[in-house]
Amino acid sequence: MICLIRKDIMLVYRYMWLVLIYAFVFSGFIQSNNSTLLYGLLPGLVLILGIGSDARLPNQQFLVTLPVKRSYLVLSKYASSLIFLVSSIAICIILNVATDMIDFGTVRIDLPFVLGTLISMILFISLYLPLYYWLGVRGTQFLNIAMMLIIMVGNGAVTALLSSDDMAAPLGWLSSHALASGALLASATVLALVISYLISVSIFRKKDL
């Protein structure tokens with residue numbers, strides 16, 4: 001499992017220049033007040049690059065010849081995705097802290113925003129990976145384009161929704177019942193991830209490679 005995860009990490013190295021350029025542009029060093037774009041798009045970009053880095057058919061054919069169960073291959077992809085997600089959010093936090101220190105001289109971390117990004121990206125993984133295994137090599141490129149469009153449109157829509165007056169009451173209730181709402185969100189997120197994994201394993205086991 002560790003070797004499979006290491007393989008995914010090594011494949012992403014070739015795209016690090018793209019990730020670093022994007023992170024720098026939207027970090028606030030060049031354009032201010034872009035934390036929504038940074039948190040909303042950078043994790044999705046890293047996930048798509050990381051998951052699809054070995055989507056070519058020869059890679060898939062080689063992987064299934066290894067003395068490893070297909071369920072382990074799928075599990076390693078989920079583990080790699082979570083590592084990429086946590087790493088990209090950490091990059092966002094570091095860049096935001098650095099720009100706040102330079103611009104305002106203070107450090108401020110919007111914890112609800114960070115947690116919201118983490119949960120939404122886990123749900124993105126839960127949706128993306130079953131489609132990734134279902135569509136296969138030929139459909140991955142179209143899937144990546146569609147998912148990036150969904151992330152960009154969805155990011156703006158969610159931001160507008162959360163800032164609207166209609167969401168003031170629900171958000172106030174969540175704030176006053178932080179423990180219950182947190183437990184509910186965490187349970188729903190884990191459940192979505194488990195169901196997604198089972199679906200992906202079922203699909204990949206039936207693939208003729």
Side-chain angles (χ1 to χ4, degrees), residues 1-23 38-95 114-141 143-145 147-148 150-151 186-209:
M1 185 64 65
I2 294 175
C3 291
L4 290 171
I5 295 173
R6 181 171 176 267
K7 177 262 301 178
D8 287 337
I9 294 174
M10 291 177 66
L11 287 173
V12 173
Y13 281 162
R14 73 181 73 176
Y15 303 110
M16 284 305 298
W17 64 272
L18 178 62
V19 174
L20 293 176
I21 290 175
Y22 180 92
L38 181 66
Y39 280 94
L41 298 182
L42 181 63
L45 174 64
V46 173
L47 285 172
I48 288 176
L49 292 175
I51 294 172
S53 57
D54 64 344
R56 293 182 299 172
L57 184 60
N59 291 4
Q60 297 292 317
Q61 291 174 331
F62 170 73
L63 287 174
V64 296
T65 62
L66 297 175
V68 179
K69 294 181 179 179
R70 290 198 180 192
S71 60
Y72 289 172
L73 295 175
V74 176
L75 182 60
S76 69
K77 188 64 70 175
Y78 276 81
S80 300
S81 300
L82 292 176
I83 291 174
F84 293 143
L85 173 58
V86 173
S87 300
S88 61
I89 291 179
I91 292 173
C92 293
I93 293 174
I94 292 171
L95 289 173
V114 172
L115 292 176
T117 301
L118 178 64
I119 292 173
S120 62
M121 286 295 104
I122 291 177
L123 296 177
F124 170 79
I125 293 172
S126 302
L127 175 64
Y128 181 89
L129 280 172
L131 292 174
Y132 167 81
Y133 285 110
W134 178 51
L135 294 174
V137 177
R138 294 182 179 178
T140 300
Q141 294 180 349
L143 175 64
N144 291 343
I145 296 173
M147 283 299 179
M148 282 306 297
I150 290 174
I151 290 175
S187 301
T189 304
V190 172
L191 179 61
L193 200 60
V194 171
I195 293 174
S196 172
Y197 166 73
L198 295 176
I199 294 173
S200 297
V201 170
S202 177
I203 293 172
F204 193 52
R205 279 175 176 168
K206 299 175 182 177
K207 281 285 184 180
D208 183 14
L209 297 172

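With rounding to the nearest 0.5 angstrom, the CD1 atom of Ile93 is 9.5 Å from the OG atom of Ser88. We find the CG-CG distance between Leu63 and Leu4 to be 7.0 Å, quoted to the nearest 0.5 Å. Here CZ of Phe84 is found 12.0 Å from CG of Leu45. Values are rounded to the nearest 0.5 Å. For the atom pair Ile94 CD1 and Ile89 CD1, the distance stands at 12.0 Å (nearest 0.5 Å). Distance OG/Ser202 to CZ/Arg70: 12.0 Å, rounded to 0.5 Å. The line from OG of Ser80 to CG of Leu11 is 9.5 Å long, rounded to the nearest 0.5 Å.
Remark: Ile203 pairs with Tyr133, Trp134, Ile199, Lys207 by the side chain to side chain contact (heavy atoms under 4.5 Å, CB included) rule, at least two apart or across chains. For Ser76, the side chain to side chain donor-acceptor pair (under 3.5 Å) test picks out no residue, with sequence neighbours left out. Looking at residues two or more places apart in sequence or on another chain, you find no side chain to side chain donor-acceptor pair (under 3.5 Å) involving Ser81. The side chain to side chain contact (heavy atoms under 4.5 Å, CB included) test applied to Leu115 returns Leu111, not counting sequence neighbours. Tyr78 meets the side chain to side chain donor-acceptor pair (under 3.5 Å) test with Ser196, Ser200; sequence neighbours excluded. With sequence neighbours excluded, the residues forming a side chain to side chain contact (heavy atoms under 4.5 Å, CB included) with Leu191 are Ile195, listed by chain and number. Remark: Leu198 engages Val194 in a side chain to side chain contact (heavy atoms under 4.5 Å, CB included) (not counting sequence neighbours). In this structure, the salt bridge (Lys or Arg N to Asp or Glu O under 4.0 Å) partners of Lys7, at least two apart in sequence or on a different chain, are Asp54.
Between Met121 and Gly44 the shortest heavy-atom distance is SD-N, 3.8 Å. Residues Gly50 and Lys77 come closest through the heavy atom pair O-NZ, 4.3 Å.
Between Val12 and Asp8, the closest side-chain pair of non-hydrogen atoms is not below 4.5 Å. Under the 4.5 Å side-chain criterion, counting only non-hydrogen atoms from C-beta, Leu193 is in contact with Leu82.
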Donor-acceptor pairs under 3.5 Å, side chain of residues 124-131 to any protein atom, not counting sequence neighbours: which ones?
from, atom 1, to, atom 2, distance (Å)
Ser126, OG, Ile122, O, 3.0
Tyr128, OH, Asn144, OD1, 2.3

